[in-house]
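Comments concern the structure below.
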Amino acid sequence: MGPYKSVDWKQLLSFVVPALGIWLLAVGVRAMRPPALPEYFKVPEFSMLAAGEDGGAHFTQADLAGKVWIADFIFTRCQGPCPSMSLAMARLQAKLPKEVSFASVSVDPDFDTPQVMSEYARRYAADMSRWIFLTPGKRELYAFMREGLKLPVGENPAEPVGFQIMHSTKFVLIDAKGMVRGYFDVFDDDFYRDIEHAARRLSAAPQVGGAAR
């Protein structure tokens, strides 16, 4: 064996310390980065009538392709949660960037014609270029909500008008690929913080692996 050579600790540390610092910085950045939003499933195909004085035009999921959008489910005669939900949607319309669109779907299609929905939209100062009000057929409504989006809806004719339809108070966030990325209950304490943060992330993020992160 050759003679023992002592370690030059100063030289060694001059390499180790910067490398350790870079590693710790990378770990810290990863720790601070929020996790990717969940990807649940694709919004099912639909064809509904959009609000309008002329009886409404057919509107499909293809009309929202490439857009981040938020959906809720309301009815114009509602005496329960719907006014609060529509006020919340109006607030989101004012606060979120124009790249985010909105869709309010009636759960009372027998009454909520496109003309009725158009008047309801005016009540909440809706920008109809980005906030759409839709009337489905009843059979399509139930399939779309229960089977497509896994949300409850039902009727109880014994209740007074305005309370006969029971439905979810969740807002559904959909990305530009048509994937459901989140459910947010309008009556949760952190509703505005959570849904605004998620919608901004989707509207600003590039498409990675087929969906925005």
Side-chain angles (χ1 to χ4, degrees), residues 40 43-61 64 69-96 100-128 130-174 180 182-196 199:
Y40 292 103
V43 171
E45 293 185 2
F46 64 84
S47 178
M48 304 180 189
L49 290 176
E53 299 299 336
D54 57 355
H58 283 280
F59 190 94
T60 74
Q61 78 288 344
L64 290 164
W69 53 290
I70 297 169
D72 73 344
F73 297 87
I74 51 89
F75 64 110
T76 63
R77 297 187 291 178
C78 178
Q79 299 298 309
C82 302
S84 295
M85 295 173 70
S86 295
L87 284 171
M89 195 73 99
R91 175 172 167 177
L92 293 174
Q93 175 189 242
K95 296 191 70 175
L96 288 173
V100 180
S101 296
F102 309 92
S104 289
V105 181
S106 173
V107 294
D108 185 15
D110 292 338
F111 181 86
D112 287 339
T113 64
Q115 295 91 335
V116 170
M117 291 290 273
S118 183
E119 175 59 33
Y120 186 82
R122 284 193 290 271
R123 196 183 308 171
Y124 292 94
D127 176 356
M128 302 287 277
R130 62 189 291 229
W131 185 358
I132 307 101
F133 291 76
L134 300 172
T135 300
K138 184 168 285 188
R139 181 177 298 178
E140 180 180 21
L141 167 69
Y142 279 41
F144 184 68
M145 284 191 69
R146 291 174 176 173
E147 301 166 22
L149 297 180
K150 320 302 180 191
L151 294 175
V153 62
E155 293 184 67
N156 184 355
E159 293 291 332
V161 172
F163 296 95
Q164 292 179 346
I165 302 174
M166 297 160 288
H167 59 92
S168 174
T169 58
K170 292 183 184 295
F171 283 38
V172 186
L173 177 64
I174 300 102
V180 174
Y183 292 90
F184 306 85
D185 195 297
V186 72
F187 295 109
D188 286 348
D189 291 341
D190 297 324
F191 167 78
Y192 287 108
R193 183 199 67 186
D194 292 346
I195 195 169
E196 288 177 23

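Basis for what follows: all heavy atoms, side chains included, without hydrogens, waters or symmetry-related copies.
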For the [atom1] atom on [X], are there more than 12 heavy atoms of other groups (residues, nucleotides or ligands in this structure) within a distance under 6.0 Å?
X: R139; atom1: CZ; answer: no
X: E45; atom1: CD; answer: no
X: D190; atom1: CG; answer: yes

Heavy-atom closest pair, residues [X] and [Y]:
X: V161; Y: Q79; answer: O-CG, 4.4 Å
X: A90; Y: Y124; answer: CB-O, 3.9 Å
X: V186; Y: A88; answer: CG2-CB, 3.6 Å
X: L141; Y: V107; answer: CD2-CA, 3.5 Å
X: L49; Y: G56; answer: CD2-O, 4.0 Å
X: W131; Y: A126; answer: CE3-CB, 3.3 Å

* **CA sep, side-chain torsions, deciding dist, call: C82, H167, side chain to side chain contact (heavy atoms under 4.5 Å, CB included)** => CA-CA 10 Å; C82 302; H167 59 92; 3.3 Å; yes
Are side-chain heavy atoms of [X] and [Y] found at a separation under 4.5 Å?
X: F59; Y: L64; result: yes
X: S106; Y: M117; result: yes
X: F75; Y: Q164; result: no

What's the separation between atom [atom1] in [X] and atom [atom2] in [Y], rounded to the nearest 0.5 Å?
X: L92; Y: L96; atom1: CG; atom2: CG; value: 5.5 Å
X: S168; Y: M145; atom1: OG; atom2: CE; value: 6.0 Å
X: M166; Y: E155; atom1: CE; atom2: CD; value: 8.0 Å
X: M85; Y: I74; atom1: CE; atom2: CD1; value: 8.0 Å
X: F184; Y: L173; atom1: CZ; atom2: CG; value: 5.5 Å

* Is it true that the side chains of Y120 and S86 contain a donor and an acceptor less than 3.5 Å apart? ->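 Y120 vs S86: donor-acceptor pair found between side chains.
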* Are T169 and D185 linked by a side-chain donor-acceptor pair shorter than 3.5 Å? ->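 Looking only at side-chain atoms, D185 and T169 do form a donor-acceptor pair, the distance falling under 3.5 Å.
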* For the pair T135 (side chain) and P109 (backbone), establish whether a donor and an acceptor sit closer than 3.5 Å, ignoring hydrogens and angles. =>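 Side chain of T135 to backbone of P109: no pair is present.
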* Under the 3.5 angstrom rule, does the side chain of R130 hit a backbone N or O of Q93 as a donor-acceptor pair? ->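 Present.
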* Begin from the C-alpha positions of W69 and I132 and carry the test side chain to side chain contact (heavy atoms under 4.5 Å, CB included) through to its verdict. => CA-CA 10 Å; W69 53 290; I132 307 101; over 6 Å; no
* To do: Pick out which of V43, I70, L151 makes a side-chain contact (heavy atoms from CB on, under 4.5 Å) with V172.
  =>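 The residue from V43, I70, L151 that satisfies side-chain contact (heavy atoms from CB on, under 4.5 Å) with V172 turns out to be L151.
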* To do: Show your reasoning for whether side chain to side chain contact (heavy atoms under 4.5 Å, CB included) applies to S118 and F133.
  => CA-CA 7 Å; S118 183; F133 291 76; over 6 Å; no
* To do: Over 60° means perpendicular and under 30° means parallel, so classify the ring planes of F46 and F144, tilted if in between.
  =>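 F144 vs F46 ring planes: perpendicular.
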* What about F191 and F187, are their ring centers closer than 6.0 Å? ->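 Aromatic pair excluded; centres sit 6.0 Å or further apart.
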